[in-house]
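Read the structure below first, then the notes.
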Amino acid sequence: MIRRTEELVIIGGGPAGLAAALGAWQKGCRRVLLLERDRDLGGILNQCIHNGFGLHTFKEELTGPEYAERYVQMVKQEGIPCLLQTIVTDIALLADGRKRVTAMNRSQGLLEIITDGVILAMGCRERPRGALNIPGYRPAGIYSAGTAQYYVNIEGRLPGREVVILGSGDIGLIMARRMVLEGAKVHCVAELRSKSGGLKRNIVQCLEDFGIPLYLNTTVCNIHGKNRVEGVTLTRVDEKGNPVPGTQWEVSCDTLLLSCGLIPENELSEKLSLKMDVKTGGPVVSQDLECSVAGVFACGNVLHVHELVDQVSKEAARAGASAAEYVKQAYLRK
């Protein structure tokens, strides 16, 4: 086991982690360590090749990778150390108020990092099929919209050619357009609620411009096929989300994409027994973005799901500055 001591550990190298690292560094915190489980910094932005990012932060329209690269380059220019392909397995509170972060990677093995402050910037994950209670078998061809985005934009693989999308969050809308541009047929987007969860611009640019129908108050009530998706049954729902008898119809397809909401990634937060907000799914924080455990801060989508990455960056920079001030005060108390 490798043991090391830092002033501040940031968990997550996506847009929140990068901005938090810079925010702390600019406030004079020099012993900062950024931990990222993927092989590259940038997080989910690396697979978001569409534009629309950076209008607030950089006053220009960028793609996701371009936005991420701006921050990656700033982190590199400052010389902020980062460990990639490093998975954090545990965070524990020590008797003296410091935190023990346990992590591992292939090159160094098990790491034990003692630190004054921690910033949680793990982002969020998509709601899985199991949370949707859709009957039917579990055939191939069912993907979260984010997984499909990764396959198409990063690996160059098309998940299917006859597609139905359940949920009208922004990533689902964007993937409707992406699948069409790659030669697939998107039959429709179904949305359980009475209005779309996506931005108006995405409804226009991704659905209306491509003639893809959006069915509101509609959900998937059955999935057909055992080995591979062969089709789905759609149904209208009432104001309580219950199927309306006699309104079902079948759509033949080989792929079902699920875009049914995002959940803050908070397993590590729960290990620290942080006070959680039942509405957002993230930790309860003060105005300085400090959690219920002193010296632990949270920002970005791990705190609550944001609509714009520009908002994430602004919030994370503030968390970094607050964490740097905490570290400074901790040093003075020693």
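Remember, predicted model here, so these are calculated numbers, not experimental data.
- One N or O on the side chain of R228 and one on the backbone of D254 form a donor-acceptor pair closer than 3.5 Å.
- Note: Y67 and F53 have tilted aromatic rings, judged against thresholds of 30 and 60 degrees for the angle between ring planes.
- Residues V72 and K76 form a side-chain contact, since some pair of their non-hydrogen atoms from C-beta on lies under 4.5 Å apart.
- Taking the charged nitrogens against the carboxylate oxygens, K185 and E162 have no contact shorter than 4.0 Å, which rules out a salt bridge.
- Listed here is the closest heavy atom pair of A121 and A16: CB-CB, 3.9 Å.
- With rounding to the nearest 0.5 Å, the separation of OG1 in T102 from CD1 in I113 is 8.5 Å.
- One N or O on the side chain of E290 and one on the backbone of G295 form a donor-acceptor pair closer than 3.5 Å.
- In this structure, R177 is not positioned above the aromatic face of F210 in the sense of NZ or CZ being under 6.0 Å from the six-membered ring centre and within 45° of the axis.
- Checked by atom type and distance alone, the side chain of D310 pairs as donor or acceptor with a backbone atom of H56 at under 3.5 Å.
- Within the 4.5 Å cutoff, the side chain of L214 has heavy atoms near those of the S196 side chain.
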Query raised in the report: Step by step, would you call R4 with L33 a side-chain contact (heavy atoms from CB on, under 4.5 Å)?
Result: CA-CA 11 Å; R4 57 190 293 177; L33 179 63; 3.9 Å; yes
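- Using modelled atom types, no side-chain atom of E265 and backbone atom of M122 make a donor-acceptor pair closer than 3.5 Å.
- Contact of the I87 side chain with the N105 side chain is not registered, since no non-hydrogen atoms from C-beta on lie closer than 4.5 Å.
- V75 is listed as a side-chain neighbour of L22, based on a closest heavy-atom distance under 4.5 Å.
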Requested in this report: Start with the C-alpha distance between V229 and I223, add both sets of side-chain angles, then the distance that settles side-chain contact (heavy atoms from CB on, under 4.5 Å), and finish with yes or no.
Outcome: CA-CA 7 Å; V229 172; I223 300 172; 4.3 Å; yes
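- Atom CD1 of I44 sits about 9.5 Å away from atom CG of D38, to the nearest 0.5 Å.
- Considering CD1 of I171 and SG of C260, their distance stands at 11.5 Å, rounded to 0.5 Å.
- Residue I203 holds its CD1 atom at 12.5 Å from CD1 of I212, rounded to the nearest 0.5 Å.
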Query - N222 vs T233, side chain to side chain donor-acceptor pair (under 3.5 Å): CA-CA, chis, key distance, verdict - result: CA-CA 5 Å; N222 203 359; T233 298; 5.0 Å; no
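- Side-chain atoms of E36 come within 3.5 Å of backbone N or O of G13 as a donor-acceptor pair.
- Considering every non-hydrogen atom in both A19 and A316, the closest pair reads CB-CB, 3.7 Å.
- Salt bridge annotation for E6-R30: absent, with no cationic side-chain nitrogen under 4.0 angstrom from a carboxylate oxygen.
- Side chains of Q311 and K314 form no contact here, defined as non-hydrogen atoms less than 4.5 Å apart.
- Between R98 and E7 no salt bridge is recorded (no basic side-chain N to carboxylate O distance below 4.0 Å).
- A distance of 6.5 Å separates CG of L83 from CG of L111, quoted to the nearest 0.5 Å.
- Among all heavy-atom pairs drawn from L8 and C29, the shortest one is CB-SG, 4.0 Å.
- In terms of modelled atom types and a separation under 3.5 Å, the side chain of S322 and the main chain of D288 share a donor-acceptor contact.
- Checking side-chain atoms of T218 against main-chain N and O of L216 turns up a donor-acceptor pair under 3.5 Å.
- Using modelled atom types, no side-chain atom of S269 and backbone atom of E267 make a donor-acceptor pair closer than 3.5 Å.
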Requested in this report: In sequence, state the C-alpha distance, the side-chain angles, and the governing distance for E69 and Q73, and then conclude on side chain to side chain donor-acceptor pair (under 3.5 Å).
Outcome: CA-CA 6 Å; E69 186 62 19; Q73 289 305 315; 2.5 Å; yes
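- Using a 4.5 Å heavy-atom threshold, the side chains of T280 and P264 count as separate.
- A distance-only check finds a donor-acceptor pair linking the side chain of D238 to the backbone of N242 [under 3.5 Å].
- A donor-acceptor pair under 3.5 Å is formed between the side chain of E126 and the backbone N or O of G146.
- Within the 4.5 Å cutoff, side-chain heavy atoms of V9 are placed close to those of L35.
- With respect to the salt-bridge test (charged N to carboxylate O, under 4.0 angstrom), the residues E182 and R178 qualify.
- The CG atom of D116 sits 14.5 Å away from atom NZ of K328, with the distance rounded to the nearest 0.5 Å.
- Counting all heavy atoms, side chain and backbone alike, C291 lies closest to P283 at SG-CB, 3.9 Å.
- A side chain to side chain contact (heavy atoms under 4.5 Å, CB included) with L258 is found for exactly one of I142, I165, T147, namely I142.
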Report task. Kindly indicate, with the supporting measurements, whether the criterion side-chain contact (heavy atoms from CB on, under 4.5 Å) is fulfilled by L120 and V296. Result -> CA-CA 7 Å; L120 305 175; V296 178; 3.9 Å; yes
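- Residues E315 and H306 meet the side-chain proximity criterion, which asks for heavy atoms closer than 4.5 Å.
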Report task. Just do the side chain to side chain donor-acceptor pair (under 3.5 Å) check on S313 and T57 with the steps written out, would you? Result -> CA-CA 8 Å; S313 299; T57 304; 4.8 Å; no
